[in-house]
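The structure appears right after this line, and notes come after that.
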Amino acid sequence: MKVPLLDLRRQYQSIRDEIDPVIREVVESQVFVKGPKVAEFEQSIAQYCGTEWAVGVASGTDAILLSLMAYGIERDDEVITTPYTFFATAGSIARLGAVPVFVDIDPETYNIDPAKIEAAITGRTKAVIPVHLYGQCAEMDAIMEIADRHGLVVIEDAAQAIGAEHRGRRAGSIGHAGCFSFFPSKNLGGYGDGGMVTTNDEEIADRIVSLREHGQREKYYYCAVGANSRLDALQAAVLSVKLRHLGTWSDGRAANAAYYDERFAGTAVTAPHRKEHNRHIYNQYVIRVPDRDAVFAHLREKEIGCALYYPLPLHLQECFEPLGLKEGDLPESERAASETISIPIFSLLTSEEMEYVATTVLEFVERSG
Ligand SMILES: Cc1ncc(COP(=O)(O)O)c(C=O)c1O
């Protein structure tokens, strides 16, 4: 049996009747940039996340970049974040000439460890970017308390976490701004790149509206230097259809996670740890295993889709050498990077496929242990 890590063709087949007409509608209208489809989708996301405003941009990366710009983050400012995330989180900070300050993770959730944040705050710290990794919120209550005490802006990197909840509040509505990605592999994925910023701050929403069009206030008059970073109408149309299914898909992922959790309980495989007060949307199901590289090679040989998110933490990336961090500085992130592996979790997996994945992992781990 061959099991893909993610099979978006299955998803498309299940909603083709809804998707094809809206794509045609956009093409017929020939309105590809801005327009009613984008405005409608922005409103739906604001409502879904529980914020006043949502502003569509070209990608999750730009959502982070433009949020930082909207909050006035600039050269030499320090922004605290996790090294165990997709590159875009820290890359966006560095692109502004600001300094990513990496704080190690909680080994159970893989999210930034709030207990370690305060020691990283200096007079130059302006913001914190917690990442809701794999679809589970970081400990936002603790993070907001620290940020409030130190007057820091909190920008949630919710790229992997649309619909995730922390103590009943949705990802993207807890910090000062939330950043989403609609990259195709996300729980809410478009047919290309796309992103969104959510916020309750009207002034910040206005700034992002301006920054996504080069910083214009009105046509051909510019009050800031921004970017060309708009969400296009085709993506908005597709995403509006998919949003109607998101709850079912995320519940399907959670049900699949519950199956794996049960299979891995009491074995050498460490299943993801979900905090009781969180709703986890399982954008990824990531297990910790002994001899990870051997497990990875074995699953590939068995044609089971799997991936390493992420093999090298950001503080050890070549481009961040000037920060002067070395191996051993952030041990939990380094350990997670060498011990974890992501296995198929998408909602349309069959029970036979999941059974095969779980059995293959367990047989290998037990045999080698
Ligand atoms: C945690 C995280 N942050 C940011 C991004 C960037 O999003 P995009 O790929 O849409 O630019 C991603 C997407 O992969 C992500 O997973």
Side-chain angles (χ1 to χ4, degrees), residues 5-6 8 41 45 54-69 79-96 100 102-103 105 109-112 127-138 140 143 154-164 171-172 174-175 177-198 208 211-212 227-232 234-236 238-239 242 250 253 272 280-286 307-315 317 333 336-337 340 342 345-346:
L5 183 59
L6 172 65
L8 287 170
F41 179 58
I45 288 294
V55 184
V57 294
S59 66
T61 303
D62 279 3
I64 301 169
L65 184 74
L66 299 188
S67 297
L68 289 166
M69 290 169 78
V79 180
I80 291 173
T81 193
T82 161
Y84 193 57
T85 175
F86 179 60
F87 182 77
T89 317
S92 304
I93 300 167
R95 269 186 65 191
L96 294 172
F102 294 116
V103 165
I105 56 167
T109 62
Y110 307 111
N111 281 324
I112 193 167
V128 184
I129 307 186
V131 178
H132 306 323
L133 201 70
Y134 307 142
Q136 169 160 233
C137 286
M140 289 305 292
I143 293 167
V154 176
I155 296 170
E156 295 173 64
D157 182 340
Q160 301 181 4
I162 192 155
I174 311 167
C179 300
F180 292 92
S181 164
F182 304 121
F183 184 76
S185 66
K186 300 297 193 264
N187 285 28
L188 182 62
Y191 290 174
D193 279 311
M196 188 79 74
V197 180
T198 51
I208 291 168
L211 287 168
R212 73 178 170 180
N228 177 12
S229 180
R230 294 166 297 210
L231 181 67
D232 72 67
L234 275 170
Q235 300 311 329
V238 165
L239 290 162
K242 285 187 153 200
S250 293
R253 284 170 180 263
H280 196 324
I281 58 130
Y282 295 99
N283 179 240
Q284 300 294 341
Y285 186 92
V286 174
L308 308 182
Y309 300 118
Y310 298 89
L312 186 67
L314 298 185
H315 66 290
Q317 297 288 345
S333 302
T340 63
S342 176
I345 190 69
F346 63 97

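Here the structure is a predicted model, which is why all the values come from computation and not from measurement. One is the number of the first residue; the rest follow in order along the sequence. Note that ligands are numbered from 1 as they come in the structure, with each ligand's atoms numbered from 1 the same way.
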(Q) Is it the case that the side chain of R253 and the backbone of N283 share a donor-acceptor pair, with hydrogens and angles ignored and the cut-off at 3.5 Å? (A) yes
Q) Any idea which protein heavy atom is nearest atom 5 (C) of ligand 1, and the distance to it? A) F86 CD2, 3.6 Å
Q | Closest protein heavy atom (residue, atom, distance) for atom 16 (O) of ligand 1 | A | Q160 NE2, 2.8 Å
Q. Does T85 reach ligand 1 with a nitrogen or oxygen that is under 3.5 Å from one of the ligand's nitrogen or oxygen atoms?
A. no
Q) Parallel, tilted or perpendicular: which fits the ring planes of Y110 and Y134, with parallel below 30° and perpendicular above 60°? A) perpendicular
Q.
Can you see whether S342 engages Q284 through a side-chain donor-acceptor pair at a distance of less than 3.5 angstrom?
A. yes
**Q.** H132 touching ligand 1 at heavy-atom level, < 4.0 angstrom
**A.** no
Q) Polar-atom distance check: G60 versus ligand 1, any N or O pair below 3.5 Å? A) yes
Q. Against heavy atoms of V131, which atoms of ligand 1 measure under 4.0 Å?
A. 1 (C)
Q. Can you list the atoms of ligand 1 that are under 4.0 Å from a heavy atom of T89?
A. 3 (N)
(Q) Please list the nearest protein heavy atom to atom 15 (C) of ligand 1 with its residue and the distance rounded to 0.1 Å. (A) A159 CB, 3.5 Å
**Q.** Numbered atoms of ligand 1 (with element) below 4.0 Å of A88, judged on heavy atoms
**A.** 4 (C), 5 (C), 6 (C)
Q.
Students often mix this up, so state it plainly: with edges at 30° and 60°, are the rings of Y310 and Y84 parallel, tilted or perpendicular?
A. perpendicular
Q. For atom 9 (O) of ligand 1, which protein heavy atom lies nearest, and how many Å away is it?
A. S181 OG, 4.0 Å
Q: Have a look at ligand 1 and work out which part of T61, if any, has a heavy atom under 4.0 Å from it: side chain, backbone, both or neither.
A: both
Q: List the closest protein heavy-atom neighbour of atom 13 (C) of ligand 1: residue, atom name, distance to the nearest 0.1 Å.
A: K186 NZ, 2.9 Å
**Q.** Polar side-chain atom of E156 near backbone of H132 as donor-acceptor pair, under 3.5 Å
**A.** no
Q) If you look at every heavy atom in I64 and S92, which pair is closest and at what distance? A) CG2-CB, 3.7 Å
Q.
Given 3.5 Å as the limit, does a donor-acceptor pair link the side chain of N187 with the main chain of I162, or not?
A. no
Q | N or O pair under 3.5 Å between D193 and ligand 1 | A | no
Q) Can any side-chain N or O of S250 pair as donor or acceptor with the backbone N or O of I281 at less than 3.5 Å? A) no
Q. So which protein heavy atom does atom 3 (N) of ligand 1 come closest to, and at what separation?
A. D157 OD2, 2.7 Å
Q) Any chance the side chains of S59 and D193 put a donor and an acceptor closer than 3.5 Å? A) no
